[in-house]
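The analysis underlying the following values was restricted to heavy atoms, covering all of them including side chains, and did not include hydrogens, waters or symmetry mates. The first residue in the sequence is number 1, and the count goes up from there.
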Amino acid sequence: MSTEFTCSIKRIRFDENYHPADSTRLTTNFANLARGEHRQENLRKTLTMINNRFNALAHWDNPTADRYSVEVDIISVDMDVAGNGDAFPVIETLKTTIIDHKDNSRIDGMIGNSFSSYVRDYDFSVVLPEHFDKHPASQPPEDFGDLHGKLFQYLLNSEAYQANFTKKPVICLSVSTSKTYQRTTNQHPVLGVEYKQDGCSLNKGSLTDEYFFKMGLTVRYFMPTDSAAPLAFYFAGDLLTDYSDFELISAISTMETFQKIYRPEIYNANSSAGQVYQPSLNYQDYSLTQIVYDRAERSQMAVTQGKFTEAQFIKPYQDILEEWAANYDVATHTAQKESVKENAVKKQAA
């Protein structure tokens with residue numbers, strides 16, 4: 001049995017009064033919007049965009065396109081790896097809830113959506129640049145992302161996660177500007193037209209794709225109705241059958257809104273992706289949202305936050321993390337957890 005880490009989960013509502021917690025990465029989508037003199041206006045307009053997009057996609061029995069609104073909670077996960085009560089904020093993600101104003105009911109939306117990780121900052125902004133400085137023509141290190149992937153899967157198997165959520169997360173990100181995408185004939189009623197990454201097998205894609213594979217997530221690319229470009233959906237299980245239409249729509253409306261703000265060249269372009277599509281941040285024919293955002297600052301902060309992670313988490317707990325990662329097996333740990341649950345049920349029945 002590998003060492004047990006303690007996970008704790010906190011929630012904070014993302015609304016026009018949202019203020020980022022001290023432990024929140026400043027480059028995180030939602031935190032970036034909640035800064036500066038325009039913060040409240042930014043947040044209000046972002047939420048309006050999410051609601052409008054949701055109603056446009058959930059159009060049945062919704063003639064005035066205002067039946068639903070989306071509540072967004074920020075889910076923060078802290079992990080204590082040393083057992084001394086000193087927890088580190090390993091992951092932040094989003095949980096949506098749909099409000100049906102016709103009967104004032106609340107409907108579960110998607111868990112996941114955005115994905116924020118200090119350890120990922122460390123991997124991409126510290127480990128990777130140092131590796132390429134020493135080995136310019138090489139591939140990323142073979143173990144690149146291993147620790148992060150195991151920490152993520154450990155979280156999904158934790159009692160804290162399973163007590164709060166019944167499904168595994170779906171992470172929705174921008175497609176890679178280094179890859180070309182080919183439209184297929186497959187079309188889903190909610191997700192839209194599916195695209196495939198050219199020249200890539202199921203488990204081989206962009207560096208981000210491979211990083212998420214180590215988290216136990218597969219990727220598919222879909223362009224919803226009236227979207228300008230496909231989105232990358234990272235998931236475990238079956239994206240098309242494990243989640244309801246409303247869960248999928250909540251993910252699209254939330255993450256497409258953020259992408260329109262952060263990557264308008266791709267997601268707020270004035271023409272849609274064609275049969276063969278390569279995303280580009282140099283594309284000129286696009287519209288800007290009325291939301292203030294400093295993309296240059298966001299890129300610079302990733303390095304700062306990667307170094308923060310190295311100093312506050314990786315180096316202080318290096319021995320613990322290395323030993324744990326060397327011995328942790330996802331399948332074994334999952335089986336052990338299931339065995340503990342079964343025994344508990346048997347004792348209760350007896």
Side-chain angles (χ1 to χ4, degrees), residues 23-29 31-32 79 81-82 88-93 114-155 171 173-181 197-201 203-217 219 232 234 259 262-263 265-266 278-283 293-328:
S23 59
T24 295
R25 292 166 63 248
L26 296 180
T27 59
T28 301
N29 295 346
N32 190 279
M79 189 176 287
V81 301
F88 187 81
V90 288
I91 286 168
E92 266 186 334
T93 187
S114 180
F115 182 74
S116 169
S117 166
Y118 275 116
V119 178
R120 185 170 65 161
D121 278 341
Y122 166 71
D123 281 337
F124 278 90
S125 299
V126 177
V127 173
L128 213 55
E130 288 180 358
H131 172 78
F132 287 137
D133 281 347
K134 295 176 183 175
H135 313 283
S138 69
Q139 295 295 312
E142 190 175 339
D143 63 351
F144 181 70
D146 284 0
L147 173 63
H148 183 270
K150 289 183 176 184
L151 289 172
F152 179 78
Q153 293 188 69
Y154 182 89
L155 163 65
I171 311 299
L173 303 181
S174 171
V175 285
S176 172
T177 56
S178 67
K179 298 294 181 180
T180 301
Y181 298 83
Q197 216 178 71
D198 274 1
C200 294
S201 63
N203 292 315
K204 188 72 174 177
S206 69
L207 186 56
T208 296
D209 293 345
E210 293 180 40
Y211 195 79
F212 276 78
F213 291 146
K214 291 192 175 184
M215 295 161 58
L217 305 180
V219 64
Y234 296 89
Q259 297 299 352
Y262 298 130
R263 285 183 168 80
E265 300 92 338
I266 298 173
Q278 179 163 11
S280 173
L281 294 176
N282 296 318
Y283 188 68
Y293 166 64
D294 187 341
R295 188 158 62 191
E297 180 190 48
R298 187 169 184 253
S299 298
Q300 294 161 4
M301 285 299 297
V303 178
T304 302
Q305 292 173 163
K307 291 179 177 176
F308 165 81
T309 306
E310 182 179 39
Q312 300 296 319
F313 184 64
I314 300 297
K315 286 188 174 178
Y317 305 115
Q318 187 166 8
D319 292 343
I320 295 173
L321 292 170
E322 285 181 355
E323 183 179 358
W324 174 81
N327 292 290
Y328 179 73

Quiz prompt | 4.5 Å side-chain heavy-atom contact, S176 and T208 | solution = no
Quiz item: To the nearest 0.5 Å, how far apart are CD1 in I171 and OG1 in T93?
Solution: 4.5 Å
Practice problem: Determine, stepwise, if the pair L147 / L321 fulfils side chain to side chain contact (heavy atoms under 4.5 Å, CB included). | Solution: CA-CA 8 Å; L147 173 63; L321 292 170; 4.2 Å; yes
Quiz prompt | Pairs satisfying salt bridge (charged side-chain N to carboxylate O under 4.0 Å, His left out), at least one member in residues 310-328, at least two apart | solution = none
Practice problem: Using the side chain to side chain contact (heavy atoms under 4.5 Å, CB included) rule, take R263 and L281 through it: C-alpha gap first, then chi angles, then the decisive distance, then the call. | Solution: CA-CA 7 Å; R263 285 183 168 80; L281 294 176; 4.0 Å; yes
Practice problem: Run the salt-bridge test on K179 and D198 with the 4.0 Å N-O cut-off and return the result as yes or no. | Solution: no
Practice problem: Determine whether S174 and Y262 make a side-chain contact, defined as any pair of heavy atoms from C-beta on separated by less than 4.5 Å. | Solution: no
Practice problem: Identify, with sequence neighbours excluded, every residue that meets salt bridge (charged side-chain N to carboxylate O under 4.0 Å, His left out) alongside K150. | Solution: none
Quiz item: Do you know which two heavy atoms are closest between V119 and Y211, and how far apart they sit?
Solution: O-OH, 4.1 Å
Exercise. Indicate the atoms forming the closest heavy-atom contact of K214 with F144, along with that distance.
Key: NZ-O, 2.8 Å
Quiz item: Do you know the tightest heavy-atom contact between A82 and Y317?
Solution: CB-CE2, 3.7 Å
Quiz item: Where is the tightest heavy-atom contact between V175 and P279, given as atom of each residue plus distance?
Solution: CG2-CG, 3.3 Å
Exercise. Measure from the side-chain N and O atoms of D209 to the backbone N and O of S206, and report whether any donor-acceptor pair falls under 3.5 Å.
Key: yes
Exercise. Supply the atom-to-atom distance F308 CZ to Q305 CD, rounded to the nearest 0.5 angstrom.
Key: 8.5 Å
Quiz item: For E265 and S280, what are the C-alpha separation, side-chain angles and deciding distance, and is it a side chain to side chain contact (heavy atoms under 4.5 Å, CB included)?
Solution: CA-CA 7 Å; E265 300 92 338; S280 173; over 6 Å; no
Exercise. Rounded to the nearest 0.5 Å, what's the gap from OH on Y328 to CG on D146? Could you check?
Key: 13.5 Å
Quiz item: When the aromatic ring centroids of F88 and Y118 are compared, is their separation below 6.0 Å?
Solution: yes
Self-check item: Exercise: identify the closest heavy-atom pair between M215 and Q153
Solution: O-CG, 3.2 Å
Quiz item: Do T309 and I314 come within less than 4.5 Å of each other through their side chains, counting heavy atoms only?
Solution: yes
Quiz prompt | Crowding at NZ, K307 (>12 non-hydrogen neighbours, <6.0 Å) | solution = no
Quiz item: Roughly how far, to the nearest 0.5 Å, is the OG atom of S178 from the CG atom of L207?
Solution: 8.5 Å
Quiz prompt | Nearest heavy-atom neighbours spanning G306 and V126 | solution = C-CG2, 3.6 Å
Practice problem: Please check if the side chain of S125 supplies one atom and the backbone of Y122 the other of a donor-acceptor pair under 3.5 Å. | Solution: no
Quiz prompt | ring-ring contact (aromatic ring centres under 6.0 Å, His included) partners of F212, counting only residues at least two apart | solution = F115, Y234
Quiz item: What distance do T304 atom OG1 and D121 atom CG have between them, rounded to the nearest 0.5 Å?
Solution: 9.5 Å
Self-check item: side chain to side chain contact (heavy atoms under 4.5 Å, CB included) evaluation trace for V90 with F152
Solution: CA-CA 9 Å; V90 288; F152 179 78; over 6 Å; no
Exercise. Supply the atom-to-atom distance L151 CG to S117 OG, rounded to the nearest 0.5 angstrom.
Key: 8.5 Å
